[in-house]
Amino acid sequence: MYSPGVITSRRHALVKTFRDAARTPGDLTVIDGWHLVAEALSSGVPLHTVAVSTDARDPAAPRLRRRLEAAGTAVVDVAPAVLDALSPVRTPSGVAALVMRREPPPEALVAPPPALVVVGLDIQDPGNAGALVRAAEAGGATGVVLAGASADPWSWKALRASMGSTFRLPVRRAREAVAACAALRGQGVRLVAAVPHGGVPMHDADLRSALALLVGGEGAGLPRAVRSLADAAVTVPMRAPVESLNVAVAAALLVYEADRQRSRR
């Protein structure tokens, strides 16, 4: 039996709202999981509606619910079957939420100095896009730009892979990669292209000044038009027979190397 306040119908309008936001994120997108909901709340990301399953058993649930309600967030109880219908994940965790997309201004990417921006080009896999954002935040980057045909960083899959980093780190989309690079250069940022072979080994490259690390997507790497814009090229040393790395892994190594050099200074 459910109380009168519990949504029990999979045909409820809220289910359609969640499904639409998961399918085509606009101003609203969907997240699933207590951790992500807590990260959004702590990061000041506006939460539109939070749906909680009546069979939720997470020990963090009661306290988080109190925080949400204190913040004025709409929290609704739903039957487990309804949560299954509105959550995009295969095995829902007991809570799903609609969050409001945030788009930081361009200047947020390069602060504080010296800037360390990761520019991902044509990273079509949402999991890789989210992992790149998380690696960038972990290594001390000041911002991320996902350009060209890259996945939407606010899609539910990318947000899940970022584990909350997208809520904290300035992340922007840019349809035109060349224009995005030109805009960063206009902000006093040096462009450094990550290439699998032929660049300066990352330990020998000078990564201390304000710069943007350009990393290419799965398979094709950096487009020639973008690579030609770079002021320098850097390579992550790899032992044979390995010829390439996952884009998020390569970005992480380069960001951490830049942070190491800056810390020594």
Side-chain angles (χ1 to χ4, degrees), residues 39 42-45 100-123 128-154 158-159 162-195 199-200 202 205-217 222-223 225-234 236 247-265:
E39 291 289 339
S42 298
S43 303
V45 174
M100 301 287 291
R101 178 192 295 264
R102 290 199 303 193
E103 184 79 1
E107 56 270 21
L109 296 169
V110 296
L116 179 56
V117 185
V118 179
V119 181
L121 286 84
D122 301 333
I123 303 175
N128 282 340
L132 183 144
V133 173
R134 184 159 178 79
E137 184 191 29
T142 57
V144 171
V145 177
L146 291 173
S150 292
D152 183 356
W154 284 84
L159 288 175
S162 79
M163 294 291 287
S165 290
T166 304
F167 299 149
R168 296 180 295 266
L169 188 69
V171 180
R172 288 180 58 86
R173 294 186 75 186
R175 293 296 183 188
E176 297 296 330
V178 172
C181 290
L184 285 168
R185 176 170 279 143
Q187 292 177 285
V189 173
R190 190 166 60 103
L191 305 180
V192 177
V195 296
V200 178
M202 68 177 187
D206 186 351
L207 305 177
R208 294 173 296 175
S209 63
L211 58 86
L213 292 169
L214 314 180
V215 294
L222 289 173
V226 173
R227 182 171 173 177
S228 66
L229 295 174
D231 302 296
V234 63
V236 177
V247 63
V249 172
L253 290 170
L254 290 168
V255 168
Y256 271 89
E257 174 58 22
D259 184 62
R260 183 190 69 84
Q261 292 184 16
R262 295 170 183 207
S263 297
R264 289 181 63 186
R265 181 178 63 180

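Small disclaimer: the values here were computed from a predicted structure and weren't measured.
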Worksheet item: Would Val145 and Val118 count as a side-chain contact (heavy atoms from CB on, under 4.5 Å) if you check the C-alpha gap in whole Å, the side-chain angles of each, and the deciding distance to 0.1 Å?
Response: CA-CA 6 Å; Val145 177; Val118 179; over 6 Å; no

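- Summarising the geometry of Ala251 relative to Leu132, their closest heavy-atom pair is CB-CD1, 4.1 Å, with the distance given to 0.1 Å.
- To the nearest 0.5 Å, atom CD of residue Gln261 and atom CG of residue Leu116 are 10.5 Å apart.
- A distance of 12.0 Å separates CG of Leu211 from CZ of Arg185, quoted to the nearest 0.5 Å.
- From Cys181, atom SG reaches atom CG of Leu121 across 6.0 Å, with rounding to the nearest 0.5 Å.
- The backbone N or O of Glu39 lies less than 3.5 Å from a partner atom in the side chain of Ser43, making a donor-acceptor pair.
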Item to complete: Could you walk me through whether Val117 and Val144 pass side-chain contact (heavy atoms from CB on, under 4.5 Å), step by step?
Response: CA-CA 6 Å; Val117 185; Val144 171; 6.0 Å; no

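- At least one donor-acceptor pair closer than 3.5 Å links the side chain of Arg102 to the backbone N or O of Phe167.
- Nearest heavy-atom pair across Val119 and Ala212 is CG2-CB, 4.1 Å.
- Rounding to the nearest 0.5 Å places CG of Leu229 at 10.5 Å from CG of Leu222.
- For Glu103, the salt bridge (charged side-chain N to carboxylate O under 4.0 Å, His left out) test picks out Arg172, with sequence neighbours left out.
- With Asp122 contributing its side chain and Gly148 its backbone, the two residues share no donor-acceptor pair below 3.5 Å.
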Practice prompt. Please test Asp231 against Val192 for side-chain contact (heavy atoms from CB on, under 4.5 Å), starting from the C-alpha separation and ending with a verdict.
Written response: CA-CA 6 Å; Asp231 302 296; Val192 177; 5.9 Å; no

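- Using a 4.0 Å cut-off between a side-chain N of Lys or Arg and a carboxylate O of Asp or Glu, Arg208 and Asp259 do not qualify as a salt bridge.
- Annotation for Val110 and Gln187: closest pair CG2-NE2, 3.8 Å, computed over non-hydrogen atoms.
- Note that CH2 of Trp154 and CZ of Arg101 are 7.5 Å apart. Values are rounded to the nearest 0.5 Å.
- Within 6.0 Å of CZ on Arg227 lie no more than 12 heavy atoms contributed by other residues, nucleotides or ligands.
- In this structure, Pro153 and Ala158 approach most closely via the heavy-atom pair O-CB, 3.6 Å.
- Pairing each heavy atom of Leu109 with each of Pro170, the nearest pair is CD2-O, 3.6 Å.
- Side-chain N or O atoms of Ser150 include one that pairs as donor or acceptor with a backbone N or O of Ile123 at under 3.5 Å.
- Residues Pro114 and Thr142 share a closest heavy-atom pair of O-CG2, 4.3 Å.
- To the nearest 0.5 Å, atoms OG (Ser209) and CZ (Arg262) are separated by 7.0 Å.
- Looking at Arg134 and Glu137, no side-chain N of the basic residue comes within less than 4.0 Å of a carboxylate O on the acidic one, giving no salt bridge.
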